[in-house]
Chemist: 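So that we are looking at the same thing, I have put the structure below in C-alpha cells.
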Amino acid sequence: MGTVSTVVGGISFWYAQEGTPAPREPLPGDTSVDVCIVGGGYTGLWTAYYLKKAAPFLNITVLEARFCGYGASGRNGGWLYNGIAGRDRYARLHGHEAAVRLQRAMNETVGEVVRAAAEEGIDADIHRGGVLEVAHTPAQLARLKEFHSAEIAFGETDRVLRGARETAERVHVTGAVGSTWTPHGARLHPVKLVKGLADAVEALGVTIHEATPVTEIKPKHAVTPYGTVRAPYVLRCTEGFTASLKGQKRTWLPMNSSMIVTEPLPARIWDAIGWEGRETLGDMAHAYFYAQRTADDRIALGGRGHPYRFGSATDDDGRTRPATVAALRDLMVRLFPVTAGVHVDHAWSGVLGVPRDWCATVTLDRSTGLGWAGGYVGSGVATANLAARTLRDLIQQDSGQAGPTDLTALPWVNHKVRRWEPEPLRWLGVHGMYAAYRAADRRETTSPRPGTGPLAKAADRIAGRH
C-alpha cells in the first residue's frame with residue numbers, strides 16, 4: 001500500500017471529496033408546525049420534499065442531530081437499486097400479488113429518483129448501468145439461479161442470466177462462474193444527492209434545523225435540548241440511529257457496514273477489469289460485498305466488517321478497525337488481482353437499521369399522528385424515496401386532503417415488528433450469525449456441492465430472515 005496512509009473515518013470518503021456542508025442553525029426554541037420530521041437523511045428529506053410539493057401550504061420542519069446526510073445517507077455504497085427488505089415475508093403474509101405490487105413500485109422508484117434529481121438540477125454522478133450480481137462457487141451459483149428465477153416470478157421479466165464467459169465480458173471478476181443482471185439500478189454519489197436534496201427542500205420553504213438532537217418522540221411532540229416542536233404529525237426518519245431515542249433501544253438494530261475506496265485507477269487496470277457499463281456490483285456470498293466504479297474511476301467496495309456494537313451503540317464519525325480495512329482490501333484483491341498494488345485512499349463505516357424480521361416498513365398511527373419509515377437493511381437509497389412518497393400519501397389521506405392510493409395499499413404499510421432481544425442476547429446473536437455466515441462462505445469455496453449448507457440456514461433462522 002506504499003508509504004501514503006489511508007484516511008480512516010472522517011464520516012466518509014464521499015464527504016472528504018465533497019466537503020461537509022455549511023452548518024444550518026439549530027432549533028431556536030419551542031415552536032409549532034404542521035409536520036415535524038426527525039432525521040435529515042434520505043427518508044426525512046424526501047418526505048419533506050414530496051409533502052411540500054403536494055401541499056405547499058404545510059409548515060414543515062426537519063430536525064437533524066448533526067447535519068443532513070451524516071448517517072447512512074452520506075456513507076452508503078451509492079447503490080440506487082430495486083431491492084427491498086422483506087418482500088418474501090410480505091408475499092407469505094399478504095399473497096404473491098401484493099408482493100409483486102411492492103416490487104413494481106421499487107422498480108419504478110429507481111427512475112423516480114433519477115427524474116427528481118434531474119428536475120431539481122442535482123448532479124449526483126448518476127449512471128444507470130443496472131445491477132450485476134455474481135457467483136463464485138457452485139453453492140453461490142445455485143443460489144444465484146434461484147434468486148434469478150424468484151425475481152422473474154416477481155415481475156422482473158427484463159432480468160438477464162449470464163454464464164461465466166458472458167460475465168467476464170462485462171466485468172472480469174476472478175473466479176466468477178455466472179451472474180444475474182437487472183436494469184433497475186444505478187450508481188450514484190451519495191453525498192451529492194443528499195446535499196442537493198437538502199438544498200431543494202429548503203428552496204421549497206421547508207425549515208431545516210441541524211445540530212438539534214431529538215431525545216424523545218411522543219404524540220404531537222419532538223423533544224430536543226433547545227426546545228420542543230409540537231405538530232399534529234411527528235415522523236421518525238432516523239434509520240440506524242433510532243436506538244438513541246428514548247424508548248427505542250430495541251426497535252431497530254444498528255448494523256454496521258464498512259467501505260474502502262481506492263485511488264483513481266489508471267487505464268491499464270480498467271483494461272484488465274472491464275466494467276465499462278459501470279454496473280453496481282455484488283455477489284451471492286452470505287457475507288456479501290457491494291461495489292461501484294465511481295465517476296472518477298475508483299473502486300468503492302463495502303461489506304459488513306465488525307457487524308454490531310454492544311448495546312446498539314453507533315460509530316464515531318465513521319472510524320473503522322484496521323482489521324476491517326485489511327479484510328476489505330484483501331477481498332478487493334481476490335476479486336481483482338490487478339489491484340494488488342493500488343492504494344486505498346479512504347475507509348469508513350456507518351450503521352443501517354435492521355428490524356427483528358428484516359422487513360422494511362412505513363407506518364402512520366392515525367390515533368397519535370406518529371409515523372415512521374425505515375428498517376431498510378442496507379437497501380435504503382431507493383427504498384427511502386418510496387417510503388417518503390408513501391408517508392406523504394398516508395398523511396394526505398389522514399388529514400382529508402386525498403383518498404387512498406396505490407402506495408398506501410402496499411403490504412409494507414403499517415406492518416408490525418417485534419422488538420429485538422435485550423443484551424447480551426442481541427450482541428451474541430448478531431456476532432454468532434455473522435460468524436456462521438463467514439464460516440459457511442469459507443466452506444463453500446472448497447466444496448463442490450451446489451446447495452446452501454446447514455450453517456448458513458441456521459444463521460438465517462437465528463436472524464429471523466426466514
Side-chain angles (χ1 to χ4, degrees), residues 1 6-17 72 74-81 83 125 127 129-136 140 167 170-176 179 185-191 255-266 269-270 272-307 318 320-350 352 378-379 381 434 437-438 441:
M1 293 175 64
T6 298
V7 175
V8 177
I11 306 171
S12 73
F13 163 76
W14 311 117
Y15 271 115
Q17 193 175 48
R75 308 191 202 186
N76 63 80
W79 274 47
L80 176 70
Y81 85 119
D125 296 341
H127 179 81
V131 183
L132 184 72
E133 291 168 280
V134 302
H136 304 276
Q140 285 191 29
T167 301
R170 302 297 302 180
V171 185
H172 191 71
V173 179
T174 298
S179 65
R187 174 219 68 194
L188 56 75
H189 189 299
V191 165
M255 186 79 76
N256 199 56
S257 197
S258 302
M259 291 197 71
I260 60 171
V261 66
T262 68
E263 62 186 326
L265 303 183
I269 290 182
W270 287 118
I273 295 174
W275 211 347
E276 293 178 5
R278 298 179 185 265
E279 304 92 337
T280 55
L281 179 67
D283 74 349
M284 300 304 293
H286 302 292
Y288 53 84
F289 80 88
Y290 50 95
Q292 67 151 286
R293 177 178 177 176
T294 68
D296 59 346
D297 287 332
R298 304 168 187 264
I299 293 175
L301 180 144
R304 281 293 176 265
H306 185 69
T320 303
R321 296 182 175 194
T324 298
V325 179
L328 289 174
R329 190 179 193 284
D330 289 347
L331 172 60
M332 179 184 70
V333 173
R334 287 202 304 274
L335 298 170
F336 307 113
V338 71
T339 65
V342 307
H343 181 250
V344 172
D345 274 357
H346 206 120
W348 69 99
S349 297
L352 48 101
S379 299
V381 179
Y434 272 96
Y437 280 147
R438 291 188 179 103
D441 285 333

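Only a predicted model underlies this, so the values are computations on that prediction, with no experimental measurement involved.
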Chemist: With the side chain counted from C-beta on, respond yes when Arg75 and Trp348 share a heavy-atom pair under 4.5 Å apart, and no when they do not.
Modeler: yes
Chemist: With a 4.5 Å cut-off on side-chain heavy atoms, are Trp270 and Glu276 touching?
Modeler: no
Chemist: Has the side chain of His172 got a donor or acceptor atom that lies under 3.5 Å from a matching backbone atom of Phe336?
Modeler: no
Chemist: Identify the heavy atoms of Pro190 and Asn76 that sit nearest to each other, and give their distance.
Modeler: CG-OD1, 3.3 Å
Chemist: Please step through side chain to side chain contact (heavy atoms under 4.5 Å, CB included) for the pair Asp297 and Arg278, ending with a clear verdict.
Modeler: CA-CA 10 Å; Asp297 287 332; Arg278 298 179 185 265; 2.8 Å; yes
Chemist: Examine distances only and state if a side-chain atom of Ser257 and a backbone atom of Gly303 form a donor-acceptor pair shorter than 3.5 Å.
Modeler: yes
Chemist: Using salt bridge (charged side-chain N to carboxylate O under 4.0 Å, His left out) as the criterion, list what pairs up with Arg187, not counting sequence neighbours.
Modeler: none
Chemist: Output all residues satisfying side chain to side chain donor-acceptor pair (under 3.5 Å) with Thr320, sequence neighbours left out; order by chain, then residue number.
Modeler: Ser349
Chemist: Side chains of Leu265 and Ile299, heavy atoms from C-beta outward: is any pair under 4.5 Å?
Modeler: yes
Chemist: Is the shortest side-chain heavy-atom distance between Met332 and Thr262 below 4.5 Å?
Modeler: yes
Chemist: Salt bridge (charged side-chain N to carboxylate O under 4.0 Å, His left out) with Asp296: which residues, sequence neighbours excluded?
Modeler: Arg298
Chemist: Please name the pair of heavy atoms, one in Gly74 and one in Trp14, separated by the smallest distance, quoted to 0.1 Å.
Modeler: O-CD1, 3.6 Å
Chemist: Sequence neighbours left out, what passes side chain to side chain donor-acceptor pair (under 3.5 Å) with Glu279? Give chain and number order.
Modeler: Arg170
Chemist: Begin with the C-alpha distance, continue with both residues' side-chain angles, and end with the deciding distance and a verdict on side chain to side chain contact (heavy atoms under 4.5 Å, CB included) for Leu281 and Val173.
Modeler: CA-CA 10 Å; Leu281 179 67; Val173 179; 4.1 Å; yes
Chemist: In chain order, what residues pass the side-chain contact (heavy atoms from CB on, under 4.5 Å) check against Val333, with sequence neighbours excluded?
Modeler: Arg329, Thr339, Ala340
Chemist: Check side chain to side chain donor-acceptor pair (under 3.5 Å) between Thr167 and all other residues, then give those that pass, not counting sequence neighbours.
Modeler: Ser179
Chemist: Please identify each residue that fulfils side-chain contact (heavy atoms from CB on, under 4.5 Å) with Pro337, with sequence neighbours left out.
Modeler: Thr174
Chemist: Counting only N and O atoms by type, is there a donor-acceptor contact under 3.5 Å from the side chain of Gln292 to the main-chain atoms of Leu188?
Modeler: yes
Chemist: Using the side-chain contact (heavy atoms from CB on, under 4.5 Å) criterion, which residues pair with Ser379? Sequence neighbours excluded.
Modeler: Tyr81, Thr383
Chemist: Output all residues satisfying side chain to side chain donor-acceptor pair (under 3.5 Å) with His189, sequence neighbours left out; order by chain, then residue number.
Modeler: Gln17
Chemist: Find the distance between CG (Leu301) and CE (Met259) and round it off to the nearest 0.5 Å.
Modeler: 6.5 Å
Chemist: Can you sort out the partners of Pro266 under side-chain contact (heavy atoms from CB on, under 4.5 Å), two or more places apart, ordered by chain and number?
Modeler: Arg268, Ile269
Chemist: When you measure from the side chain of Trp275 to the backbone of Thr280, do you find a donor-acceptor pair of N or O atoms at a distance under 3.5 Å?
Modeler: no
Chemist: What class does the angle between the rings of His136 and Phe289 fall in, given that below 30° is parallel, 30 to 60° is tilted and above 60° is perpendicular?
Modeler: tilted
Chemist: Say whether Asp345 and His343, considering side chains only, have a donor N or O and an acceptor N or O under 3.5 Å apart.
Modeler: yes
Chemist: I'd like to check the ring-ring contact (aromatic ring centres under 6.0 Å, His included) partners of Tyr15; sequence neighbours left out, ordered by chain and number.
Modeler: Phe67
Chemist: I need the Thr6 OG1 to Glu263 CD distance, nearest 0.5 Å.
Modeler: 10.0 Å
Chemist: Identify the heavy atoms of Ala347 and Ile260 that sit nearest to each other, and give their distance.
Modeler: CB-CG2, 4.0 Å
